[in-house]
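Comments concern the structure below.
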Amino acid sequence: MTKNEYLNTLNMLLNEYNIPKKDIEDMLSDYKSLWEGYESQLMTNEDIVTKLGKPEDIISELTEGYQKISHIKASKRLKRSSKFIALTPFIALSIFFVVGFTIPGAWMYAWLAFLLIPMSAIITQGPKPILLKLTALSPFIALIIFFLILGPLNLWHPGWVIFLIIPGIGILNDNNMKKKLILESLLIFGVILYIFWSQQILNGEMPQLLGIHIVYAEFALLPFVSYVLIDGLIKMRVINIKNIFLFITLVGLYVFVSMTFDLWAISWLLFFIIPVYAILSSNSTDKVIAIMPFISTTLFMLTGYFFNWWAFAWIVFLLIPVTAIIKGK
Amino acid sequence: MYYTLKLNLFYYCVIRNNVLHLLCITQKGGIMSTQFKKGIIELCVLKIISDSPKSAIEVIEQMSERINVNENTIYPILRRLTEQKMFETHKMSSQIGAPKKIYALTETGKEKLKSSLKEWQDFLLDVTTLLGGHYDKK
C-alpha cells in the first residue's frame with residue numbers, strides 16, 4: 001500500500017462518520033507526517049502500514065465518540081416512522097368513525113381502517129426487500145379487497161379465492177425457479193378452474209373432469225395443495241399427520257359450513273385456526289399477545305354479523321393493545 | 001537494611017514484571033480489560049511528554065522501547081488527550097516532508113498526570129500489600 005492509497009482509504013473511512021471536516025483534514029495531515037517520518041527512516045511501505053495500523057483496524061479508535069452518518073440517518077428515519085406508527089391507532093379510529101357515521105351500512109367495512117396499524121408498521125419498519133414486505137402485507141391486502149370490493153358485489157363466494165394471493169406471493173420468495181413456476185401455474189390454473197366449476201354448479205350444471213362428475217369445485221385446487229403438502233413432507237422428512245389432518249379438516253369444515261348455512265361472508269374465520277395453532281405450538285413467550293388480533297377480529301365479525309353490532313363491536317380491537325400492555329415485558 | 005532493600009527491589013521487580021506480563025497477555029486477548037490497559041498507556045504517554053515536548057513518532061518509539069504495546073493505538077490516544085486539553089500542539093518545520101506536530105503538556109495535563117500517577121502508585125501499594133510484600137512509594 002502506498003502513502004496515497006493509505007491516506008485515501010483512511011479519508012474514505014473517516015468520511016463515513018459525523019466528524020468535522022477540519023478534524024478529518026487534521027488527522028490526515030498527522031498520518032501523512034507520520035508516514036513521511038517513517039519513510040525518512042528508510043522503512044518499507046509494508047512496515048509503515050504495520051507501524052501505523054491498517055485504516056480498517058484503526059478507524060474504530062479514531063472515531064470513538066462519533067456516529068456513522070448512515071446510522072444517524074437510519075436513526076432519524078426510525079424516529080419519524082415510529083412517530084407515524086404511534087399515531088396510526090388515532091388515525092384508524094377517526095377513519096372508522098367518520099366512515100361508519102357518514103356512510104349508511106358502512107360499519108361492516110369501516111373496521112378495515114384498523115388494518116392501517118399493522119400495515120403502517122410493516123411498510124415503515126418491516127423487511128427492506130419489496131417482495132418480503134409484500135408477502136407480509138398480503139393477508140391485509142386480501143382482507144381489504146375481500147371486504148371492500150368483493151363483499152359489496154355479493155361475491156363472498158367465490159371471492160374468497162382472493163386469499164390465495166397469500167400463498168401466491170409467498171411462493172415468489174422461493175429460490176427454486178422450477179418450483180416457483182410449477183406452483184404458480186397450478187395455483188392460477190386451479191383458481192380459474194375453481195371459478196368456472198363453481199359457476200357451473202351454481203347454474204345447476206355438474207362439471208366434469210375426465211368423465212367424472214365433480215361435486216365440489218374445490219377439487220380444482222387439489223393439484224396445488226397436493227404439491228405443497230408433498231414438498232413440505234419431503235422438506236420436513238417427517239410425516240406430520242397432525243398438521244395434514246388439521247388442514248384437511250379446516251377446508252372440509254369451511255366448505256360444509258359455507259354451503260350448508262350460506263355463511264360465505266363469515267366462515268373464512270375458520271382459517272384463523274391455522275395461525276393461532278402455529279402460534280400456540282411455537283416456543284414464543286408472547287402467545288396471548290400474538291393471538292389476540294385473531295380473537296378480536298373473530299369476536300368483531302361474529303357480533304357484527306349475527307347481532308348487527310358493527311357500531312359497537314369495534315371495542316373488541318382494544319383487547320390487542322390492552323393485552324400487549326398487561327402481558328408485555 | 002540491605003536485606004530489606006533487596007526484598008523491596010525483589011517485590012518491585014516481581015510486581016513490575018507481573019504487570020508487564022499482564023499487559024502482554026492483554027494483547028493476546030487476556031485477563032485485563034481494554035479500558036484498564038488504555039488508562040495505563042495514557043499515563044505512560046502523559047509521562048513521556050511531561051519530560052519534554054515530543055512529536056508523535058518520538059512518543060511511539062519511546063513507548064515501544066520500554067513496553068510491548070500496540071503502536072497503532074498511540075496516535076489515537078495522543079489525539080484524544082489533545083482534544084481533552086491535556087496537550088497543546090504546534091508545528092515544527094522539518095527538513096524532510098511535512099512539518100512535524102509537537103505535543104507539549106498543558107496545566108490540565110500536568111494535573112491529570114499528577115492524579116493518575118498517584119492513583120497508580122496507590123494501586124501498586126495495595127496490590128503489593130495484598131501479595132504480602134513491601135512497596136516503597138518514591
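Below, read A as the first sequence line, B as the second, and so on, with proteins coming before strands; counting in each chain starts at 1.
The candidate with the highest count of non-hydrogen atom pairs below 4.5 Å against chain B, out of A/Lys51, A/Glu64, A/Glu61, A/Lys54, is A/Lys51. Chain B forms more heavy-atom pairs under 4.5 Å with one residue of A/Leu52, A/Asp30, A/Ile58, A/Leu62 than with any other, namely A/Asp30. Contact tally against chain A (heavy-atom pairs below 4.5 Å) for B/Ile77, B/Thr73, B/Asn72, B/Ile74: the top residue is B/Asn72.
Contacts of B/Glu58 with chain A are absent, with no heavy-atom separation under 4.5 Å from either backbone or side chain. Neither the backbone nor the side chain of B/Ser55 has a heavy atom closer than 4.5 Å to any heavy atom of chain A. Proximity to chain A is absent for every atom of B/Leu78, based on heavy atoms less than 4.5 angstrom apart. Residue A/Glu39: no heavy atom, backbone or side chain, is found under 4.5 Å from chain B. In this structure, chain B has no heavy atom under 4.5 Å from any part of A/Asp57.
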For B/Glu71 and B/Met63, run side chain to side chain contact (heavy atoms under 4.5 Å, CB included): C-alpha distance rounded to whole Å, both residues' side-chain angles, the deciding distance at 0.1 Å, then the answer.
CA-CA 8 Å; B/Glu71 289 161 336; B/Met63 281 281 283; over 6 Å; no
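Relative ring orientation between A/Tyr6 and A/Tyr31 is described as tilted, the plane-to-plane angle lying within the 30° to 60° band.
Of the N and O atoms on the side chains of A/Lys21 and A/Asn15, at least one donor lies less than 3.5 Å from an acceptor on the other residue. In this model, a donor atom of one side chain and an acceptor atom of the other lie less than 3.5 Å apart for A/Ser82 and A/Gln125.
Between atom OG1 of residue A/Thr50 and atom CG of residue A/Asn45 there is a gap of 10.5 Å, rounded to the nearest 0.5 Å.
Looking at A/Asp47 and A/Tyr38, their side chains never come closer than 4.5 Å, going by heavy atoms from C-beta outward.
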